Student: 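Quick one: the structure is below, questions incoming.
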Amino acid sequence: MKRRYSLKRNKEFRRVYRVGKSQGSHLLVLINAKSKTDGVHVGFSVSKKIGNSVVRNRIKRRLREAFSPFLPLIKEKTNIIIIAREPVKTAKFTEIERSIERLLQKASLLK
RNA sequence: CGAGUAAGCUAUGUGACUGCCCCGUCACUUGUGGCGGGGAGGAAAGUCCGAGCUCCACAGGGCAAGGGUGCCGGAUAACGUCCGGUGAAGGCGACUUUAAGGAUAGUGCAACAGAGAUAUACCGCCGCAUUUUGCGGUAAGGGUGGAAAGGCGAGGUAAGAGCUCACCCACCUCUUCGGCGACGAAGAGCGUGCUGUAAACCCCACUCGGAGCAAGAUUGAAAUGAGAGCAUUUAAUGGCUGCCCGUCACGCUCUUGAAAAUCGCAUGAGCGUAUCGGUGACGAUGCGCCAAGAUAGAUGGUCACAGUUAUACAGAACUCGGCUUAUUGCUUGCUCGUAUA
RNA sequence: GGCCCCUUGGUCAAGCGGUUAAGACACCGCCCUUUCACGGCGGUAACAGGAGUUCGAGUCUCCUAGGGGUCA
């Protein structure tokens, strides 16, 4: 997943948290909001409570890898934040993939 | 075989498909594609020290304070680090540890217990008077305590005491020998017998300017914005450790908004290897190599094989040298114990 | 990433190196009251962890862990 698809500014994160709608599963939480800029931007949030930097980086890498196939299928002009919950540490990759797909369907973001 | 001790190595590998970041090159539609190359650690961690680098006023004057180090010699760019020694302590031993200057410069503290804590007399012993006991002498014995005026024997005495003497112990002064030195060995003195604590204040010697890459430089933009309060120019605020002087900058404080790009930034006290010097830390010379550089922050996913408890601690953010802490698997030397030859 | 600070019962907190570590609220038991509250008496309960200095450490020194602040 290239970097230009990632959500960067703290301001943008705050806006999504404020106006966005959230869906949850036991592995992940998804928050989405409409944006003014073109394209899709995704931010991944992993709390310090979940583990040390090695664990957090590993979770972020797996989430990016699992999310990237869905990137061309998502409607334009949306910002998405995906928050990791504690059980992601031990989840299998296919479980993460399935969880992301179900959350995207629930939020009706797929084309 | 068990227990221990010291030193050292290591931190999954190979292949397939598919992704991410950087560099080079080619192409064009100038931000995409093709090809090639590179891409986390021994601690990257904690931030406990030392440096490089950058800015501040190149380190101002007076008064006063503060931090650090602390046996000797060496290594190093430097260090509170390392190496080799000396002394002391621990261990049967291999070996390990060591904030190790000064308590005879001065001050403070030493609870409780105990008669008494840096000086004393409770029990006791002795003498005298009296025969409930009182006065005087004494510190050998008892008991308290972490610590009670060096130990033992003899003389001496009313009882005793370094009061005197011999021997021993410790310290001080001096001499000789060995060592670069810390120090060690021996001897002499008609010298002394001194509580502990300086990670209590302190004294002595040496040493330390401050801030830190969010340092800072350049370019661009103009948002040098808006609101509230305070002050009204020898002031106030900030910088130079504190105060005064001096000097520089500049209205000050709070709330809120905005906050771009490039450089710094990857060739360095660098890494590997061989020889030589040195007990060693380390140094010299030759040859070879270039090895992450992001800016919300790059190494992933799915399998196969080998191997396995195949997994621990753990993710670069300016860069090095150490220290400390966390942690996987293994090798070798030595010591002690047991058994066998 | 850099630089600082703090950890004492369940909570808020005092504590000069020295007997058994104050105090308040909370909790438990008893008394008081017809009962509850207030009040009285009593009790349970702590020095973040590990080393060192010292006769003796909550206090002094070092290391570790956890928490907090600040800098564009």
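Quick caveat: nothing in here was measured; it's all calculated off a predicted structure. Order of the sequence lines fixes the chain letters, A, B, ..., with proteins taken first and strands second; residue numbering starts at 1 for each chain.
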Student: Which nucleotide, if any, forms a Watson-Crick or G-U wobble pair with B/G8, using both distances under 3.5 Å?
Tutor: B/C330
Student: On a whole-Å scale, what distance lies between the C1' atoms belonging to C/C38 and C/C31?
Tutor: 14 Å
Student: Do A/Phe93 and A/Ile82 share a hydrophobic cluster, counting only Ile, Leu, Val, Met, Phe, Trp and Tyr and linking them when any side-chain heavy atoms are less than 4.5 Å apart?
Tutor: no
Student: With P as the reference atom in both, quote the distance from B/U97 to B/A110 in angstrom, rounded to an integer.
Tutor: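 My reading of the P atoms in B/U97 and B/A110 gives 38 Å.
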Student: Main chain of A/Ser25, side chain of A/Arg85: is a donor-acceptor contact present, judged purely on distance under 3.5 Å?
Tutor: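 A pair under 3.5 Å: yes.
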Student: Can you tell me, in whole Å, how much space there is between the P of B/C21 and that of B/G42?
Tutor: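 B/C21 and B/G42 have their P atoms separated by 27 Å.
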Student: Should A/Phe67 and A/Ile74 count as side-chain neighbours, where that means a heavy-atom distance under 4.5 Å?
Tutor: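 When only atoms from C-beta onward are counted, A/Ile74 and A/Phe67 do touch, with a gap below 4.5 Å.
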Student: If pairing requires Watson-Crick or G-U wobble contacts with both distances under 3.5 Å, which nucleotide is the partner of B/A147?
Tutor: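 Pair assignment: B/A147 / none.
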Student: Between B/A314 and B/U218, how many Å separate the two C1' atoms, rounded to a whole number?
Tutor: 40 Å
Student: Hunt down any stem RNA chain C takes part in, defined as 3 or more consecutive Watson-Crick or G-U pairs whose two distances are each under 3.5 Å.
Tutor: C:1-7 with C:65-71, C:10-12 with C:23-25, C:27-31 with C:39-43, C:48-52 with C:60-64
Student: Is there side-chain contact between A/Leu27 and A/Glu95, with at least one heavy-atom pair below 4.5 Å?
Tutor: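 Yes - at least one pair of side-chain heavy atoms lies under 4.5 Å apart.
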Student: To the closest 0.5 Å, what do you measure between CD (A/Glu65) and CZ (A/Arg61)?
Tutor: 11.0 Å
Student: For B/A40, decide between syn and anti, treating a glycosidic angle within 90° of 0 as syn.
Tutor: syn
Student: Can you tell me, in whole Å, how much space there is between the C1' of B/C250 and that of B/U233?
Tutor: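 So the two C1' atoms sit 12 Å from each other.
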Student: What pairs with A/Ser108 under side-chain contact (heavy atoms from CB on, under 4.5 Å), at least two apart in sequence or on another chain?
Tutor: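 With neighbours one apart ignored, the set is empty.
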Student: I want to verify the glycosidic state of B/G145; is it syn or anti under the 90° rule?
Tutor: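 Anti, which is what one calls it when the glycosidic angle falls more than 90° from 0.
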Student: Provide the closest heavy-atom pair for A/Glu97 versus A/Ala66 in the form atom of the first, atom of the second, distance.
Tutor: CG-CB, 4.0 Å
Student: With syn defined as a glycosidic torsion within 90 degrees of 0 and anti otherwise, which applies to C/C16?
Tutor: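 Syn, since the glycosidic angle lies within 90° of 0.
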Student: What distance separates A/Leu63 CG from A/Ile100 CD1, expressed to the nearest 0.5 Å?
Tutor: 6.0 Å
Student: Would you mind pulling out the nucleotide paired to B/A292, Watson-Crick or G-U wobble, both distances under 3.5 Å?
Tutor: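 Looking at the geometry, B/A292 pairs with no nucleotide.
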Student: Expressed as a whole number of Å, how far does the C1' atom of B/G229 sit from that of B/G62?
Tutor: 40 Å
Student: With syn defined as a glycosidic angle within 90° of 0 and anti as everything else, classify C/G68.
Tutor: anti
Student: So what's B/A312 paired with, Watson-Crick or G-U wobble, going by both distances under 3.5 Å?
Tutor: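 Pairing partner, where one exists within any strand: none, as none qualifies.
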Student: Given the P atoms of B/C254 and B/G238, what is the spacing between them in whole Å?
Tutor: 11 Å
Student: Which is it for B/A291, anti or syn, if anything within 90° of zero counts as syn?
Tutor: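 Syn, angle within 90° of zero.
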Student: If the P atom of B/C194 is compared with that of B/G151, how far apart are they to the nearest Å?
Tutor: 10 Å
Student: Between protein and nucleotides 298-302 of chain B, what N or O pairs are separated by less than 3.5 Å?
Tutor:
| from | atom 1 | to | atom 2 | distance (Å) |
| --- | --- | --- | --- | --- |
| B/A298 | O4' | A/Arg3 | NH2 | 3.1 |
| B/G300 | N2 | A/Glu65 | OE1 | 3.4 |
| B/G300 | N2 | A/Glu65 | OE2 | 2.7 |
| B/G300 | N3 | A/Glu65 | OE1 | 3.4 |
| B/G301 | OP1 | A/Arg58 | NH1 | 3.1 |

Student: Tell which nucleotide pairs with B/A94, taking only Watson-Crick or G-U wobble pairs whose two distances are both under 3.5 angstrom.
Tutor: none
Student: Under a 3.5 Å cut-off for both distances, is B/C206 Watson-Crick or wobble paired, and to whom?
Tutor: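 B/G68 is the nucleotide pairing with B/C206.
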Student: Is the closest side-chain heavy-atom distance between A/Val88 and A/Ile96 below 4.5 Å?
Tutor: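 Contact flag for A/Val88/A/Ile96 side chains = yes.
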Student: Scan every strand shown for a Watson-Crick or G-U wobble partner of B/A185, both distances under 3.5 Å, and answer none if you come up empty.
Tutor: B/U176
Student: B/A214 pairs with which nucleotide, Watson-Crick or G-U wobble, both distances below 3.5 Å?
Tutor: none
Student: Can you name the side chain to side chain donor-acceptor pair (under 3.5 Å) partners of A/Ser22, sequence neighbours left out?
Tutor: none
Student: Can you find a pair of side-chain heavy atoms, one from A/Ile83 and one from A/Leu28, that are under 4.5 Å apart?
Tutor: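 Not in contact.
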